[in-house]
> 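After the structure tokens below, expect a handful of questions from me.
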Amino acid sequence: MSILVAGGTGYIGSHTCVELIEAGHDVVIADNLSNSKEVVIDKIKHITGLSEDTPRIKFYEADIRDGAALDEIFEKEAIDVVINFAGKKAVGESVECPLDYYENNVGGAVELAKAMARHGVKNIIFSSTATVYGEPDVIPVTEETPIKKIFHPYGQTKAMIEQILQDQYAADPEWNVVLLRYFNPIGAHESGLIGEDPKGIPNNLVPYIAQVAVGKREFLGVFGDDYETYDGTGVRDYIHVVDLAKGHVAALKKLLPKSGVSIYNLGTGKGSSVMDVLRAYEGACGKEIPYRIMPRRAGDIAIYYCDASKALRELGWKAEKTLEDMCADSWKWQSMNPDGYGDV
Ligand code: NAD
Ligand code: UFG
């Protein structure tokens with residue numbers, strides 16, 4: 001199949017392109033490079049053994065809010081499926097600049113879906129997030145867990161886009177929509193050639209630990225050790241980004257005619273605490289990682305992990321990699337590329 005990957009030079013998108021190509025699909029990437037670099041395309045070719053001038057991966061520097069740019073892509077390329085990773089994702093920034101988030105994420109998703117409709121492409125996989133469950137009453141979270149109050153505009157944009165795509169399916173049942181709710185993606189491709197390249201101070205745990213390990217930051221701040229968890233620190237469902245990427249390849253199965261709307265949690269189904277991750281990372285990099293206990297971070301909840309059995313049942317997919325694999329691959333990427341993709 002030929003797959004339009006919006007946001008395909010980003011962290012999860014780039015890993016998914018590798019898995020799609022390795023599964024025999026062709027990819028057309030549309031990305032405005034607002035949070036990624038074009039050099040990623042060369043890395044994807046290198047990992048997948050494709051030649052410099054291969055037609056199996058194409059890149060358009062395009063914004064998904066730009067309908068004319070999207071029309072050009074759909075006219076030139078015979079697209080079967082769209083995967084939409086394109087979006088802003090920093091929770092704190094979304095609280096400060098909500099309009100930018102609604103405009104980019106929701107506005108972009110609507111423009112992309114409109115362009116799909118204009119060109120008769122009716123298969124979409126959308127990157128959603130576990131955040132749509134808010135603070136769930138019962139753990140583990142299943143796909144039937146009610147959507148609760150969401151505390152930030154970033155999460156709201158994801159819930160809105162889920163609703164918009166479901167409404168579009170209701171209006172035109174020829175659409176097939178897969179909503180993938182990611183838990184906490186971490187790690188990197190085992191080659192060490194692609195990985196997460198956060199701008200500025202990392203917001204998330206593992207990129208922050210990685211920068212402490214490589215000597216760029218002094219210590220990790222552990223946000224609270226008084227949660228009702230087994231060691232007092234927050235518990236999350238960390239998933240290796242390559243497992244997550246493979247989940248998208250598996251989800252293509254749900255884009256057959258009349259599949260309708262399908263929703264899957266993509267996680268391991270296992271919770272790990274901040275201290276578990278810290279210790280696993282120390283094992284991976286072979287050094288002690290200094291940390292200090294800090295106050296809780298506003299909006300954080302104690303425990304979050306999923307029941308991923310629906311994805312296994314219906315897609316034949318489950319996460320295979322361990323927390324140790326995730327930390328080893330994150331460390332390989334970070335130590336081989338201390339400045340990420342650099343200034344190229
Ligand atoms: P990322 O920032 O690395 O990738 C997003 C890509 O989209 C970037 O390459 C960026 O340049 C591009 N982009 C942003 N706005 C665009 C626009 N208007 N037009 C074209 N391109 C645009 O982020 P990621 O971690 O790879 O996340 C991918 C998706 O998964 C996002 O939608 C994110 O919200 C979602 N998600 C991520 C996580 C996570 O922890 N990383 C968790 C749950 C959901
Ligand atoms: N944490 C620290 N120190 C840090 C960073 C994080 O102790 O420097 C702790 C947090 O308090 C939390 C855990 O590490 O207990 C994980 O925090 P992350 O920021 O890595 O991940 P979150 O679960 O808070 O949020 C992530 C993404 C969101 C997404 C959400 C659900 O950042 O975008 O998962 O998918 F919405």
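Order of appearance sets the numbers: ligands from 1, and atoms from 1 within every ligand.
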> Under 4.5 Å between any side-chain heavy atoms of Arg292 and Phe219, yes or no?
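Side chain of Arg292 against side chain of Phe219, heavy atoms only: contact under 4.5 Å found.
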
> Between Tyr208 and ligand 2, does any nitrogen or oxygen pair lie at a separation below 3.5 Å?
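No, Tyr208 has no N/O under 3.5 Å of an N/O on ligand 2.
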
> Could you tell me whether Tyr182 and His248 have their ring centroids closer than 6.0 angstrom?
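Yes, close enough.
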
> With a 3.5 Å cut-off and no angle check, do the side chains of Asp80 and His25 form a donor-acceptor pair?
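Per modelled atom types, Asp80 and His25 side chains form no pair under 3.5 Å.
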
> For the ring pair Trp333 and Tyr341, is the centre-to-centre distance below 6.0 Å?
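They qualify: ring centres under 6.0 Å apart.
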
> Counting heavy atoms only, which of Arg236, Lys158, Arg181, Arg297 is nearest atom 17 (O) of ligand 2?
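Among Arg236, Lys158, Arg181, Arg297, the closest heavy atom to atom 17 (O) of ligand 2 belongs to Arg297.
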
> Can you confirm, on distance only, whether ligand 2 has an N/O atom lying under 3.5 Å from any N/O atom belonging to Phe223?
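So ligand 2 has an N or O lying under 3.5 Å from an N or O of Phe223.
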
> Heavy-atom distances under 4.0 Å decide this one: backbone, side chain, both or neither, for Leu205 against ligand 2?
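The part of Leu205 near ligand 2 is both the backbone and the side chain.
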
> Relative to ligand 2, is Tyr291 under 4.0 angstrom through side chain, backbone, both or neither, heavy atoms considered?
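Under 4.0 Å from ligand 2, Tyr291 contributes no heavy atoms.
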
> To check your reading of the model: name the closest protein heavy atom to atom 10 (C) of ligand 2, its residue, and the distance in Å.
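I find the closest protein heavy atom is Asp300 OD2, 3.4 Å.
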
> If we ignore angles and hydrogens, is there a donor and acceptor under 3.5 Å between the side chains of Tyr102 and Thr157?
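No - no donor-acceptor pair under 3.5 Å links their side chains.
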
> In terms of side-chain geometry, is the basic nitrogen of Lys89 or Glu196 positioned less than 4.0 Å from the acidic oxygen of its partner?
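Yes, charged N to carboxylate O under 4.0 Å.
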
> Can you list the ligand 2 atoms lying under 4.0 Å from a non-hydrogen atom of Ala130?
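With Ala130 as reference, the close atoms of ligand 2 come out as 35 (O).
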
> Between Asp100 and Lys88, does any side-chain N to carboxylate O distance fall below 4.0 Å?
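Looking at Lys88 together with Asp100, the answer is no, because their closest N to O distance does not fall below 4.0 Å.
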
> Does the distance from a Lys or Arg side-chain N to an Asp or Glu carboxylate O, for Glu135 and Lys148, drop under 4.0 Å?
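Result for this pair is no, no salt bridge flagged.
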
> Before signing off on this row, confirm whether Gly221 and ligand 2 have an N or O atom pair separated by under 3.5 Å.
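Looking only at distances, the answer is yes, because the N/O contact criterion of under 3.5 Å is met.
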
> Please identify which atoms of ligand 2 are closer than 4.0 Å to at least one heavy atom of Asn203.
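Counting atoms of ligand 2 from 1, those under 4.0 Å from Asn203 are 5 (C), 19 (O).
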
> Would you please say whether a donor-acceptor pair under 3.5 Å links the side chains of His240 and Asp329?
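Yes.
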
> Using side-chain heavy atoms (C-beta onward) and a distance below 4.5 Å, is Thr268 in contact with Lys318?
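Thr268 does not reach Lys318 side chain to side chain.
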
> Pairing donors with acceptors under 3.5 angstrom, does anything connect the side chains of Tyr264 and Glu314?
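On atom types as modelled, these side chains qualify, holding a pair under 3.5 Å.
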
> Which protein heavy atom lies closest to atom 29 (C) of ligand 2, and at what distance to 0.1 Å?
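Answer for atom 29 (C) of ligand 2: Thr131 OG1, 3.4 Å.
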
> Do me a favour and list the nearest non-hydrogen protein atom to atom 35 (O) of ligand 2 with residue, atom name and distance?
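Nearest neighbour among protein heavy atoms for atom 35 (O) of ligand 2, to 0.1 Å: Thr129 OG1, 2.7 Å.
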
> Please state whether Tyr227 comes within less than 4.0 angstrom of ligand 2, counting heavy atoms only.
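No, Tyr227 has no heavy atoms under 4.0 Å from ligand 2.
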
> Quick one: do Glu111 and Arg65 make a salt bridge, cutoff under 4.0 Å?
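No, this pair does not count.
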
> Go through ligand 2 atom by atom and flag the ones less than 4.0 Å from a non-hydrogen atom of Tyr182.
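Selected atoms, number and element: 35 (O).
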
> Name the closest protein heavy atom to atom 9 (C) of ligand 2, giving the residue it belongs to and the distance to 0.1 Å.
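For this ligand atom, the closest protein heavy atom is Val274 CG2, 3.7 Å.
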
> Have a look at ligand 2 and work out which part of Val235, if any, has a heavy atom under 4.0 Å from it: side chain, backbone, both or neither.
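Neither; no heavy atom under 4.0 Å.
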
> I'd like to know if Tyr133 contacts ligand 2, where contact means a heavy-atom distance under 4.0 Å to any ligand atom.
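No, Tyr133 has no heavy atoms under 4.0 Å from ligand 2.
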
> Let's go through Gln163 and Asp167 carefully: what are the C-alpha distance in whole Å and the side-chain angles of both, what is the deciding distance for side-chain hydrogen bond (donor to acceptor under 3.5 Å, both in side chains) to 0.1 Å, and is it a yes or a no?
CA-CA 6 Å; Gln163 187 61 53; Asp167 291 347; 2.9 Å; yes

> Which residue and atom name correspond to the protein heavy atom nearest atom 13 (C) of ligand 2, and how close is it?
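Atom 13 (C) of ligand 2 sits closest to the protein heavy atom Tyr238 OH, 3.5 Å.
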
> What residues sit with at least one heavy atom under 4.0 Å from ligand 1?
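Lining ligand 1 at under 4.0 Å, by heavy atoms, one finds Gly7, Thr9, Gly10, Tyr11, Ile12, Asp31, Asn32, Leu33, Ser34, Asn35, Ser36, Ala62, Asp63, Ile64, Arg65, Phe85, Ala86, Gly87, Lys89, Asn104, Ser127, Ser128, Thr129, Tyr154, Lys158, Tyr182, Pro185.
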
> Please determine if Lys321 and Asp243 form a salt bridge, counting it only when a charged side-chain N lies under 4.0 Å from a carboxylate O.
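Result for this pair is no, no salt bridge flagged.
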
> Classify the ring geometry of Tyr154 against His152: parallel below 30°, tilted from 30° to 60°, perpendicular beyond 60°.
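Plane angle under 30°, so parallel.
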
> Charged N to carboxylate O under 4.0 angstrom, Glu77 versus Lys58?
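Between Lys58 and Glu77 there is a salt bridge, with a charged N closer than 4.0 Å to a carboxylate O.
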
> Students should be able to answer this: which protein heavy-atom is nearest to atom 15 (O) of ligand 2, and at what distance?
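For atom 15 (O) of ligand 2, the nearest protein heavy atom is Gly234 CA, 3.6 Å.
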
> Which is it for Asn204 and ligand 2 at heavy atoms under 4.0 Å: side chain, backbone, both or neither?
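Both backbone and side chain.
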
> Can you tell whether the side chains of Lys216 and Asp339 come within less than 4.0 Å, N to carboxylate O?
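So Lys216 pairs with Asp339 through a salt bridge.
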
> For atom 22 (P) of ligand 2, what is the nearest protein heavy atom, given as residue, atom name and distance?
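Of the protein heavy atoms, Asn184 ND2, 3.6 Å lies nearest.
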
> Would you mind checking if Lys158 and Glu162 are paired as a salt bridge, meaning a charged N to carboxylate O distance below 4.0 Å?
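Salt bridge between Glu162 and Lys158, a charged N being under 4.0 Å from a carboxylate O: no.
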
> Counting both backbone and side chain atoms, is some N or O of Tyr154 under 3.5 Å from an N or O of ligand 2?
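No; the residue has no nitrogen or oxygen that sits under 3.5 Å from a nitrogen or oxygen of the ligand.
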
> Which atoms from ligand 2 have a heavy atom of Val222 less than 4.0 Å away?
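This gives 7 (O) as the contact atoms.
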
> Could you tell me whether some N/O pair between Tyr304 and ligand 2 is separated by less than 3.5 angstrom?
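No, since none of the N or O atoms of Tyr304 sits under 3.5 Å from an N or O of ligand 2.
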
> Give the numbers and elements of all ligand 2 atoms closer than 4.0 Å to a heavy atom of Phe183.
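Result: 35 (O).
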
